[in-house]
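In this text the structure is predicted, and so the values were computed from the model without any measurement.
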Amino acid sequence: MPKQPPGSKIKPTHTQDTKRSYLKGGWLLLARAQKKLTRPGDIIDALMHLFSDPTLVLRAATTRQYKQQVRAVIGYKLNKGELAHDRAVSGLAELTTLLKDRRGPCPKRTSGAKLKAPTKAEYLQICSDFNRRWRPAGGLDETDTVLSLMVALGPYLGLRPQEWLNTTILGNKMIVANAKSTNGRSAGKTRTILLDNFPEGITHLVEQLIVGLRRLFYGLEENWRRLLGLLGERLARVCARLGIRRWSLYTTRHVAMANWKRAGFGAAEIAALAGHISIKTARNHYAGGRHGWTAKFACARPDPDLTALISLRNNTTLIRPAVAVRAETNKLEVIDATAPVERPLSANLNQHRPDDPTPAGETLTPCGNDNSDEGLAFGMR
């Protein structure tokens, strides 16, 4: 038998945070069930009544999540002595069967927040809207400044929105903490994105985004859901004002995947950039290459070692040679989350090499160049 590659025997694990999340979800389910229960009964009776509704149709992923939440709250009651062992075991078995019966195809969601294949014209419109509202004296508040950078950088780097909170710049690299690293869904807790093909100023822009996002996060008492909702609502208002389809923060991740596919990146390279262990995830759940824009957006490069590991894990062959990593010259830069967000450094993203001069006469704006539908730029007027 061939030797198993490192990381191929990752065992599913539940972290303490995951367990707490399941228990919290279990309490919410129980509260909902008890409101529907019109007769006396324990938690098993309440949950049974909730999931006995024949009109309730749940996606497979939802049933799996509900099962874990039900298990967590029943386990809590059992440990507290508030539920008999036999009742807990039999009740969990019946609830598992009920959840399985509720599984089925749900109607397709029509929400614009699920947009996966936006156009470059829409992107430029959003960028131009931020540019028009920018003033040297401060036309954009901190929330809009952070949002403009997330939209602008997203199609190039493809991070999940929450991953910006836990990203660090190390020389010419971005070290990203994978938001989905449990249960063997990624090749590790972090992934590396190489910035060699970006201009030097990109690191400063990423830093400004991280600093601003962390300040907003801490200002909202570390409530990520609230912050995500705030940014999402701001972006929705921009789209409504422009009369275009509604973008979500995750839309830019779909665009990045499509850009990488259109640029000819291998499946293992895309998985390494996206934080996946399986090469099928990007293919099955994200926008296809036909929705990609131009190769100029495909500046990011994956860590060659991580790409090779994923390729070996999926029994595939690397299509392109590994990208050479230039010598490390910079030390780890510590980002101060309490520092004010400064004007982002002007940096042209026209796929020029770091040592190439910016074309003469080009005007740099926060998210894009109003006079061009091809070369995008970053920086504030």
Heavy-atom closest contact ([X] atom, [Y] atom, distance):
X: Ala256; Y: Gly158; value: CB-CA, 3.5 Å
X: Thr167; Y: Arg214; value: O-NH2, 3.6 Å
X: His291; Y: Ala258; value: C-CB, 3.8 Å
X: Ser278; Y: Ala271; value: O-CB, 4.0 Å
X: Ala187; Y: Leu306; value: CB-CD1, 3.5 Å
X: Leu228; Y: Pro161; value: CD1-CB, 4.2 Å

Within the side chain of [X], is there an N or O that forms a donor-acceptor pair under 3.5 Å with the backbone of [Y]?
X: Ser128; Y: Leu124; answer: yes
X: Glu122; Y: Thr119; answer: yes
X: Asn259; Y: Gly289; answer: no
X: Asp129; Y: Gln125; answer: no
X: Lys261; Y: Ala282; answer: yes
X: Thr307; Y: Asp303; answer: yes
X: Thr97; Y: Ala93; answer: yes
X: Arg102; Y: Leu56; answer: yes
X: Asp196; Y: Arg301; answer: no
X: Arg191; Y: Leu273; answer: yes

Ser248 versus Thr251, side-chain donor and acceptor atoms under 3.5 Å
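Distance-only check passes for Thr251 and Ser248.
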Thr15 and Thr18 side chains, donor-acceptor separation under 3.5 Å:
yes
Show your working on side chain to side chain contact (heavy atoms under 4.5 Å, CB included) between Ile43 and Leu83 and close with a plain yes or no.
CA-CA 9 Å; Ile43 68 168; Leu83 196 64; 4.1 Å; yes
Could you list the residues that satisfy side chain to side chain contact (heavy atoms under 4.5 Å, CB included) with Ser52, not counting sequence neighbours?
Leu98
Taking the six-membered ring for Trp, are the ring centroids of Tyr286 and His276 within less than 6.0 Å of each other?
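Judged by ring-centre distance (under 6.0 Å), Tyr286 and His276 do meet the cut-off.
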Taking the ring of Tyr123 and the ring of Trp293, is the distance between their centroids below 6.0 Å?
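Between Trp293 and Tyr123, the centre distance is under 6.0 Å.
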Could you tell me whether the side chain of [Y] reaches within less than 4.5 Å of the side chain of [X], counting heavy atoms only?
X: Leu194; Y: Pro304; result: yes
X: Pro302; Y: Thr192; result: no
X: Arg290; Y: Arg262; result: no
X: Trp164; Y: Leu153; result: yes
X: Phe130; Y: Leu147; result: yes
X: Leu195; Y: Lys173; result: no
X: Val206; Y: Phe198; result: no
X: Asn166; Y: Val176; result: no

Students often mix this up, so state it plainly: with edges at 30° and 60°, are the rings of Trp260 and Phe265 parallel, tilted or perpendicular?
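Parallel.
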Out of curiosity, does Leu99 fall in the hydrophobic cluster containing Val89 (side-chain heavy atoms, cut-off under 4.5 Å, transitive links)?
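Looking at the clustering, Leu99 is in a separate group from Val89.
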Out of curiosity, [X] [atom1] to [Y] [atom2], how far, rounded to the nearest 0.5 Å?
X: Ile279; Y: Asn315; atom1: CD1; atom2: CG; result: 9.0 Å
X: Gln65; Y: Gln68; atom1: CD; atom2: CD; result: 9.5 Å
X: Leu220; Y: Leu216; atom1: CG; atom2: CG; result: 7.0 Å
X: Leu58; Y: Thr63; atom1: CG; atom2: OG1; result: 6.5 Å

More than 12 non-hydrogen atoms from neighbouring residues, nucleotides or ligands closer than 6.0 Å to CZ on Arg226, yes or no?
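No, CZ of Arg226 has 12 or fewer neighbouring heavy atoms, counting only those of other groups under 6.0 Å.
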Glu163/Lys180 ion pair, N-O < 4.0 Å
no
Stepwise side chain to side chain contact (heavy atoms under 4.5 Å, CB included) check, Ile44 with Leu92
CA-CA 8 Å; Ile44 301 296; Leu92 183 59; over 6 Å; no
Those residues that, when tested against Trp224, pass ring-ring contact (aromatic ring centres under 6.0 Å, His included) (two or more places apart)
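Scan of Trp224 (ring-ring contact (aromatic ring centres under 6.0 Å, His included), adjacent residues dropped) gives none.
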What residues form a side-chain hydrogen bond (donor to acceptor under 3.5 Å, both in side chains) with Thr55, not counting sequence neighbours?
Asp53
Among residues at least two apart in sequence or on other chains, which ones pass side-chain hydrogen bond (donor to acceptor under 3.5 Å, both in side chains) with Arg20?
Asp17
Take Met150 and Thr252 through the test side chain to side chain contact (heavy atoms under 4.5 Å, CB included) and record every step on the way to the result.
CA-CA 8 Å; Met150 290 185 76; Thr252 62; over 6 Å; no
Starting from the C-alpha separation in whole Å, work towards a yes-or-no answer on side chain to side chain contact (heavy atoms under 4.5 Å, CB included) for Tyr22 and Arg71.
CA-CA 9 Å; Tyr22 282 145; Arg71 183 188 295 272; over 6 Å; no
Write out all pairs satisfying salt bridge (charged side-chain N to carboxylate O under 4.0 Å, His left out) with one or both partners inside residues 144-157, taking only residues at least two apart or from two chains.
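Only Arg133-Asp144, Asp144-Arg234 qualify under salt bridge (charged side-chain N to carboxylate O under 4.0 Å, His left out).
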Can you run down the salt bridge (charged side-chain N to carboxylate O under 4.0 Å, His left out) pairs that involve residues 34-52, sequence neighbours left out, and say none if there aren't any?
Asp42-Arg87, Asp45-Arg87
